[in-house]
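Each remark here refers to the structure printed beneath this line.
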Amino acid sequence: MTEDDIAAVTGLPVHTWRRRHGAAFRARVPVVNPGERLRLYDEEQARAFMSGKTWPTKATAETGDDEQWPTAVPQGAEHPEDLLTDKETANVLGVGDSTVRAYATTGYLPAGIERHGRTWWPRRVAEARRDAGGQHHATPGRKPGDPRNRAPRPRHDSRIEEIAELTTRAPLTTADVARRYGVGERTAQRLLAAARTRT
C-alpha cells in the first residue's frame, strides 16, 4: 500500500493523514522498498497498525511498543507474485533497467502491470524470462533475408520536375507551392528543396 492508499482507508486526505499519523506510522511500519521515492508498505502490517493491533499479532518480548516492527516478509523470502520495479526486474535478469523497459516494448518481456503510476512485473515473469536462457528475442516481424528488408525504391514525384521548371522562370515560395499543389507547408518545403537540387 502507498501512503495515499492508507489515507484513503482511514478516510482522511493524504496531507492530513501525513500530518497527524505519518510520523508514528513510519516509526512503526517498515517500508518494503527502502530507497525508493514511492514508499510502499505491506498491506497486512498497515491494516494492523490502523486497527491498533501489534505485529506480529502476538507481541513478542523482543519487540517493544515503541520499536519498529520487523519486515512482514523476511529478507530473502521471495514470493512468485511479488511485484518488481524495472530496477528490481533488471537485477533478476542481470541487465540494466532501460533494457527491461525495452524488453517490455518489444514483447521479449510482458508489458507489466500499471500501478501507482509505475510499471511492475511479477517475480515469476522475470524469473521465467531469466530461466528461458539465451533464446533470441521472439519478436514478430521480418526475418533476416526477407526481401521486404531491402532499401526502399526511389519514388518518382512529377511535381518536383514541374517545380524545378517553374523556378527557372520565376522564383517560387513555399506558399506558392502549397497553394498550387494543395499540400501542407512542410510538404511544400520538401518539394521545393528537392526541386532546387535538380536545377
Side-chain angles (χ1 to χ4, degrees), residues 1-140:
M1 296 180 84
T2 64
E3 291 187 358
D4 288 354
D5 298 332
I6 295 162
V9 169
T10 61
L12 294 171
V14 68
H15 61 277
T16 304
W17 179 85
R18 284 182 178 142
R19 189 177 67 243
R20 292 183 188 169
H21 309 289
F25 180 86
R26 286 185 214 111
R28 185 64 52 84
V29 182
V31 293
V32 295
N33 61 339
E36 293 286 332
R37 191 170 156 196
L38 176 70
R39 294 185 190 113
L40 295 176
Y41 301 92
D42 180 77
E43 183 173 358
E44 196 175 347
Q45 283 189 328
R47 291 188 183 277
F49 180 87
M50 288 185 284
S51 64
K53 295 179 182 171
T54 58
W55 185 269
T57 49
K58 294 179 181 176
T60 62
E62 302 156 7
T63 307
D65 289 340
D66 56 348
E67 294 179 25
Q68 189 172 48
W69 294 341
T71 54
V73 179
Q75 194 70 19
E78 298 164 347
H79 191 276
E81 295 304 318
D82 289 342
L83 294 179
L84 308 178
T85 64
D86 51 357
K87 290 179 185 175
E88 293 166 331
T89 304
N91 288 338
V92 171
L93 296 176
V95 296
D97 49 337
S98 61
T99 304
V100 169
R101 294 189 295 273
Y103 282 176
T105 303
T106 61
Y108 189 59
L109 192 67
I113 300 164
E114 291 291 324
R115 285 194 189 163
H116 312 296
R118 292 188 72 173
T119 305
W120 307 81
W121 288 268
R123 184 181 300 280
R124 63 178 163 69
V125 169
E127 290 175 347
R129 175 72 265 147
R130 179 197 64 204
D131 297 342
Q135 292 178 348
H136 295 291
H137 295 262
T139 54

Counting only N and O atoms by type, is there a donor-acceptor contact under 3.5 Å from the side chain of [X] to the main-chain atoms of [Y]?
X: Trp121; Y: Pro110; value: yes
X: Thr16; Y: Leu12; value: no
X: Thr99; Y: Val95; value: no
X: Asp131; Y: Ala128; value: no
X: Glu88; Y: Thr85; value: yes

Salt bridge (Lys or Arg N to Asp or Glu O under 4.0 Å) between Asp86 and Arg101, intermediate numbers included: CA-CA 7 Å; Asp86 51 357; Arg101 294 189 295 273; 2.5 Å; yes

side-chain hydrogen bond (donor to acceptor under 3.5 Å, both in side chains) partners of Arg130, counting only residues at least two apart: none

Partner set under side-chain hydrogen bond (donor to acceptor under 3.5 Å, both in side chains) for Arg115, not counting sequence neighbours: none

Close aromatic pair by centroid cut-off 6.0 Å: Phe49 and Tyr41: no

Quiz item: cation-pi between Arg129 and Tyr108, 6.0 Å / 45°: yes

Residue pair Arg118, Glu114: steps toward the salt bridge (Lys or Arg N to Asp or Glu O under 4.0 Å) verdict: CA-CA 6 Å; Arg118 292 188 72 173; Glu114 291 291 324; over 6 Å; no

With a 4.5 Å limit on heavy-atom distance, are the side chains of [X] and [Y] in contact?
X: Asp5; Y: Glu43; result: no
X: Val29; Y: Met50; result: no
X: Leu83; Y: Arg123; result: no

